[in-house]
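These notes concern the structure reproduced below.
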Amino acid sequence: MVMTSGWSIFIIIIVVAHIIGYSYLLWSTSKMKAKDYKEGETTGHEWDGIQEYNNPLPRWWLYMFILTIIFAIGYLVLYPGMGNYKGTLGWTQENEWAKENQDVLAKRAELFSTFIDKPIPEMIKDEKAIAIGERLFANHCSTCHGSDAQGAVGFPNLTDDDWLYGSQPDTLVQTITNGRNGVMPAWGAALGDEGVKQVAAYVREFSEQGQDEKLVAEGQKKFAMFCVACHGADAKGNHMLGAPNLTDTTWLHSFDSGLVETILIEGISGKMPAHGELLDEGSIKVLAAYVYSLTHE
Ligand code: HEC
Ligand code: HEC
């Protein structure tokens, strides 16, 4: 931090004045020779029957004071302390941090060196890599995906075979680095009340057979019009857009009564935050390997 020169001068004056002041105090009190003290003389201070004798400071005590003053002057020459003066060593908090960071990164590189250059399907055979990935996952991902990576409503389960974006190694690295934002638009206005009922029946029919046939047939037509662009003609989803497969029994959002309709009317979106600026490339690769290992032997 750089301060204005006014503050800088103010601080320098106070520091110098203190050092001179303490030195003078020390010098003036140590000037008295030991023979000048009278045995048993008191300073006149008394409290609760305890009297203070007027004895000289022990020599070693005095030398310690002198040493601390010399130390202070040395310190102020070498390190920043006098206002904006930077000290002859050029020490800064930023340098110190950069150095420590460098050390950590070097240690980490050594720790990663046995597996980090391998392709992810190879990397998952390394127990150490998976153990590190698990710890990184606990720190950075478990708040949303759960410590067992099984997700929750709106947060995908990473341990099943149902993927919004896919589980290829490159896809996982992409997902973690850049984040994802799946957007399902609102269809309430376009479909109308009746349309929503029909399309909902069509979507439900995949996992809960026995819906009203007429509704399902109408819903299928509307689905072909409004939904196939993202969810596909077979409703099996699209990894490019993160559009879920609607034909299985795995739901990203809970499919309790009424929720299909709500999602259709209001739309819904999910955001996986980008971690590219938070984590370095190596950690992201280890995390991708950990996620990959959850569904690949
Ligand atoms: C703030 C909550 C949050 C955090 C933290 C988070 N995620 Fe996600 N993640 C999500 C959401 C929400 C989605 C679904 C995105 C969507 O709906 O398009 C998602 C999607 C994913 C996917 C894609 C799943 C699929 O089916 O294709 C992967 C892989 C993933 N996250 C891994 C991670 C990893 C690894 C971390 C830790 C570095 C992490 N996530 C941290 C919320 C989070
Ligand atoms: C612009 C692309 C797009 C279109 C068009 C679209 N969807 Fe979606 N839909 C998505 C995405 C992306 C999601 C996942 C949202 C998320 O990440 O939370 C989704 C989610 C859903 C879900 C929830 C699935 C689950 O597992 O919880 C349903 C149901 C659904 N869509 C039905 C439809 C129907 C029916 C239509 C046509 C009326 C439609 N969608 C049109 C992109 C689309």
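Order of appearance sets the numbers: ligands from 1, and atoms from 1 within every ligand.
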Enumerated ligand 2 atoms positioned under 4.0 Å from heavy atoms of [X]:
| X | result |
| --- | --- |
| Leu241 | 12 (C) |
| Val199 | 35 (C) |
| Leu264 | 32 (C), 33 (C), 34 (C), 35 (C) |
| Gly242 | 12 (C), 14 (C) |
| Pro185 | 1 (C), 3 (C), 4 (C), 43 (C) |
| Trp251 | 25 (C), 26 (O) |

Flag [X] as yes when one of its N or O atoms lies below 3.5 Å from any N or O atom of ligand 2, and as no otherwise.
| X | result |
| --- | --- |
| Leu252 | yes |
| His253 | yes |
| Trp187 | no |

When you compare ligand 1 with Leu164, is there at least one nitrogen or oxygen pair between them that comes in under 3.5 angstrom?
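N/O-N/O distance below 3.5 Å exists for this pair.
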If you measure every N/O of Lys271 against every N/O of ligand 1, is any gap under 3.5 Å?
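No, since none of the N or O atoms of Lys271 sits under 3.5 Å from an N or O of ligand 1.
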Among Val228, Val183, Asn238, closest by any non-hydrogen atom to atom 12 (C) of ligand 2:
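Selected option, by shortest heavy-atom distance: Val183.
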Ignoring hydrogens, just give me the one of Pro244, Ala186, Gly182 whose non-hydrogen atom is nearest atom 14 (C) of ligand 2.
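Residue with the shortest heavy-atom distance to the ligand atom: Pro244.
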Atom 16 (C) of ligand 1: which protein heavy atom is closest, and how many Å away?
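Scanning the protein heavy atoms, the shortest distance from atom 16 (C) of ligand 1 goes to Gly270 O, 3.4 Å.
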Identify the closest protein heavy atom to atom 20 (C) of ligand 1: which residue and atom is it, and at what distance?
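Nearest neighbour among protein heavy atoms for atom 20 (C) of ligand 1, to 0.1 Å: Pro156 CG, 3.5 Å.
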Go through ligand 1 atom by atom and flag the ones less than 4.0 Å from a non-hydrogen atom of Gly154.
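By the 4.0 Å cutoff, the relevant atoms are 12 (C).
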Atom 8 (Fe) of ligand 2 to Cys227: any N/O/S contact under 2.8 Å?
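So Cys227 does not count as coordinating atom 8 (Fe) of ligand 2.
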